[in-house]
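Since the structure is predicted, the reported quantities are computational estimates derived from the model, not experimental observations.
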Amino acid sequence: MKIQMLLISLFSPLKARYWWLGILLWMAMLAPAQASVILRVAIERDVNQVKVGSSTAAAVKDGSGRTLGQLPAMSAYYAQTVPGGGVALDKWRSGLFWIEPTGKGFVYIGDKWYRGRTLVVPTGKGVTAVNWVDLEEYLYSVIGGEMDARWPQEALKAQAIAARTYAIYKREQQRNDPVFDLGDSPDRWQIYKGVISESPTTYDAVDKTAGQVLTYKNRIILSVFHACSGGHTENVEDVWGGDEGRNYLRAVPDFDQNIPECSWQRAFSATEISQRFPELGKVKEMKVQTASPFGSVKALQIIGDKSSKVLRGEDVRTALKLRSTRFTVTKTPDGNFAMQGKGYGHAVGMSQWGAYNLALQRANYLQILAYYFRGVSLSPIQAK
């Protein structure tokens with residue numbers, strides 16, 4: 001693919017300062033005709049430059065919706081900030097850019113193809129490229145990213161509703177953010193790879209559950225999910241602290257005991273732990289202080305010859321890059337540490353491998369969701 005590099009020129013600091021007004025204006029222009037739910041998914045955030053393009057000829061527009069020109073099909077261009085503020089894209093300079101494909105074209109951002117259109121804006125440390133995409137079309141990709149598209153259709157449909165609910169929940173949380181609703185990184189958001197993870201089975205799962213979300217006491221829920229729990233999911237307060245009214249996130253026996261990836265081992269040398277926490281000095285002990293009723297570590301104490309540190313909740317998993325917090329730790333004769341673990345992920349909400357096995361046992365998607373999210377109702381989206 002031929003790359004046409006950008007020229008850099010000055011842009012009015014005043015215009016750059018109010019780039020977000022262009023987004024609000026564009027949203028207002030679309031509102032009367034737009035009946036579907038649109039998500040703003042940040043694909044590249046705060047980068048020096050980002051590669052953008054379209055599979056068909058695409059209109060290039062500024063923040064007011066004025067067409068500046070057209071990008072040819074199947075060519076990529078770098079968008080980047082310019083001194084003084086704003087964004088440069090090929091020969092154009094503006095406070096922000098919209099890239100809108102003609103026909104049924106896809107947009108290109110970074111190294112992947114996406115449905116919808118692209119917004120490029122200057123942000124704190126560079127430029128951010130946001131994919132504006134219909135919620136249902138977004139889910140075509142997410143389902144294939146989060147689950148194997150060859151899995152039983154009832155599991156895929158359960159995932160579709162959980163993912164749709166999660167996206168709407170996050171969209172509501174981000175309603176005051178002028179740039180995006182969600183990102184695409186799996187550590188914080190849902191896995192969104194664009195059209196490469198779509199398939200006929202993901203289309204079917206999304207289309208057959210279109211517009212359906214989970215609510216609890218008439219409010220959209222935080223419909224979190226994970227790969228597998230290792231035998232039993234967790235109560236939300238034992239993983240993330242206060243339940244904040246999330247009584248639907250209750251621990252239940254899981255159905256993933258036969259899944260090889262749900263059992264794991266990890267060994268750490270004392271030197272490796274010391275390097276991760278240099279303020280502790282030479283690490284001598286790692287002790288589980290508290291655990292949940294189902295064996296997940298809630299507090300892990302690391303003791304060094306200078307000081308000690310307690311990791312709590314999900315910090316245990318993220319700081320040590322573990323598959324889960326459900327593990328035991330023993331000190332080996334050579335002074336190192338061995339962990340025996342179960343589960344993959346935070347263990348709250350729906351277990352994806354559990355959903356897989358329930359579907360094999362002929363549970364339908366409503367039964368799967370009702371099992372993992374207690375007391376919830378299936379409701380149509382009430383878009384705002």
Side-chain angles (χ1 to χ4, degrees), residues 45-46 124-125 166 170 173 182-191 222 224-247 249-251 254 256 259 261-352:
R45 295 176 59 192
D46 295 324
K125 299 178 181 178
Y166 180 87
K170 289 297 183 180
Q173 277 192 326
L182 304 99
D184 67 340
S185 57
D187 56 335
R188 185 178 175 188
W189 313 100
Q190 304 186 113
I191 299 174
L222 176 61
V224 287
F225 44 86
H226 56 279
C228 53
S229 69
H232 209 291
T233 69
E234 289 287 351
N235 292 314
V236 63
E237 63 270 20
D238 287 329
V239 177
W240 294 318
D243 61 27
E244 301 177 10
R246 296 169 184 161
N247 295 323
L249 294 175
R250 298 292 89 200
D254 209 351
D256 56 8
I259 306 302
E261 71 178 71
C262 293
S263 296
W264 55 270
Q265 296 179 343
R266 184 74 186 274
F268 289 99
S269 68
T271 300
E272 185 178 0
I273 298 297
S274 299
Q275 290 173 342
R276 293 192 184 208
F277 306 101
E279 71 276 13
L280 305 183
K282 184 178 180 180
V283 171
K284 297 181 176 181
E285 296 288 343
M286 294 178 70
K287 297 180 179 180
V288 175
Q289 278 193 336
T290 58
S292 77
F294 311 105
S296 292
V297 176
K298 295 175 64 175
L300 179 71
Q301 184 181 30
I302 305 175
I303 303 170
D305 59 4
K306 292 183 180 179
S307 63
S308 66
K309 181 183 186 70
V310 177
L311 298 174
R312 300 185 186 278
E314 276 293 273
D315 289 342
V316 176
R317 183 166 68 100
T318 55
L320 296 175
K321 295 182 170 57
L322 303 175
R323 286 192 176 188
S324 72
T325 58
R326 185 163 295 163
F327 61 85
T328 58
V329 57
T330 57
K331 190 174 182 179
T332 60
D334 58 1
N336 296 323
F337 305 94
M339 293 181 176
Q340 289 281 128
K342 294 181 179 180
Y344 202 147
H346 48 64
V348 180
M350 187 180 76
S351 163
Q352 292 168 317

- Note on the structure: Closest non-hydrogen atoms of A319 and L311, given as atom of the first, atom of the second and distance, are CB-CD1, 4.0 Å

- Measure the spacing between CD of Q275 and CG of L280 and express it to the nearest 0.5 Å. 12.5 Å

- Given side chains that start at C-beta, do those of T325 and V239 come closer than 4.5 Å, heavy atoms only? no

- Task: Output all residues satisfying side-chain hydrogen bond (donor to acceptor under 3.5 Å, both in side chains) with W264, sequence neighbours left out; order by chain, then residue number.
- Result: S324

- Pairing residues for K298 by the salt bridge (Lys or Arg N to Asp or Glu O under 4.0 Å) criterion, not counting sequence neighbours: D238

- Atom of W240, atom of E314 and distance for their closest heavy-atom approach: NE1-CG, 3.2 Å

- Sequence neighbours excluded, the answer for side-chain hydrogen bond (donor to acceptor under 3.5 Å, both in side chains) partners of E285 is none

- Message: Please enumerate all residues that pass salt bridge (Lys or Arg N to Asp or Glu O under 4.0 Å) together with R266, with sequence neighbours excluded.
- Response: none

- Message: The criterion is side-chain hydrogen bond (donor to acceptor under 3.5 Å, both in side chains); which residues satisfy it with R326, sequence neighbours excluded?
- Response: E234, S296

- Task: Verify side-chain contact (heavy atoms from CB on, under 4.5 Å) between T233 and H226, making sure each step is shown before the conclusion.
- Result: CA-CA 10 Å; T233 69; H226 56 279; 4.1 Å; yes

- Message: Show every side-chain hydrogen bond (donor to acceptor under 3.5 Å, both in side chains) that has at least one partner inside residues 331-347, sequence neighbours left out.
- Response: Q265-Q340, T332-D334, D334-N336

- Message: Please find the pair of heavy atoms, one from R246 and one from R250, that lie closest to each other, and give the distance.
- Response: O-NH2, 4.1 Å

- Query: Does the side-chain contact (heavy atoms from CB on, under 4.5 Å) test come out yes or no for V329 and V288, once each step is laid out?
  - Reply: CA-CA 8 Å; V329 57; V288 175; 4.1 Å; yes

- To the nearest 0.5 Å, atom CD of E237 lies from atom CG of L249 at 9.0 Å

- Item | Any residue meeting side-chain hydrogen bond (donor to acceptor under 3.5 Å, both in side chains) with D254, in chain and number order, not counting sequence neighbours | S229, S351, Y372

Run the side-chain donor-acceptor check on residues 300-307: report pairs under 3.5 Å with partners two or more places apart or on a different chain.
residue, atom, partner, partner atom, Å
D305, OD1, K282, N, 2.9
S307, OG, E279, O, 3.2

- Please list all pairs passing the ring-ring contact (aromatic ring centres under 6.0 Å, His included) test where one or both residues lie in residues 305-335, with sequence neighbours left out. none

- Task: Starting at CZ of R323, measure out to CZ of R317 and round the result to the nearest 0.5 Å.
- Result: 11.5 Å

- Which pairs, with at least one residue in residues 262-319 and sequence neighbours excluded, count as a disulfide (SG to SG under 2.5 Å)? C228-C262

- Item | Least distance between heavy atoms, S274 atom then G281 atom | OG-O, 3.3 Å

- Query: Any donor and acceptor pair, going by atom type alone, linking the side chain of N235 with main-chain N or O of A251 inside 3.5 Å?
  - Reply: yes

- Task: Look up atom CE in M339 and atom CG in L322, then write down how far apart they are to the nearest 0.5 Å.
- Result: 5.0 Å

- Message: Rounded to the nearest 0.5 Å, what separates atom CG in D256 from atom CD in Q352?
- Response: 11.0 Å

- Gap separating the CZ atom of R276 from the CZ atom of F268, nearest 0.5 angstrom: 5.0 Å

- Query: Which residues pass the side-chain contact (heavy atoms from CB on, under 4.5 Å) test with A299, sequence neighbours left out?
  - Reply: Q289, T290, V310, R312

- Correct closest heavy-atom pair for W189 and D184 would be CD1-N, 3.8 Å

- Item | ring-ring contact (aromatic ring centres under 6.0 Å, His included): pairs with one or both residues in residues 278-317, sequence neighbours excluded | H232-F294

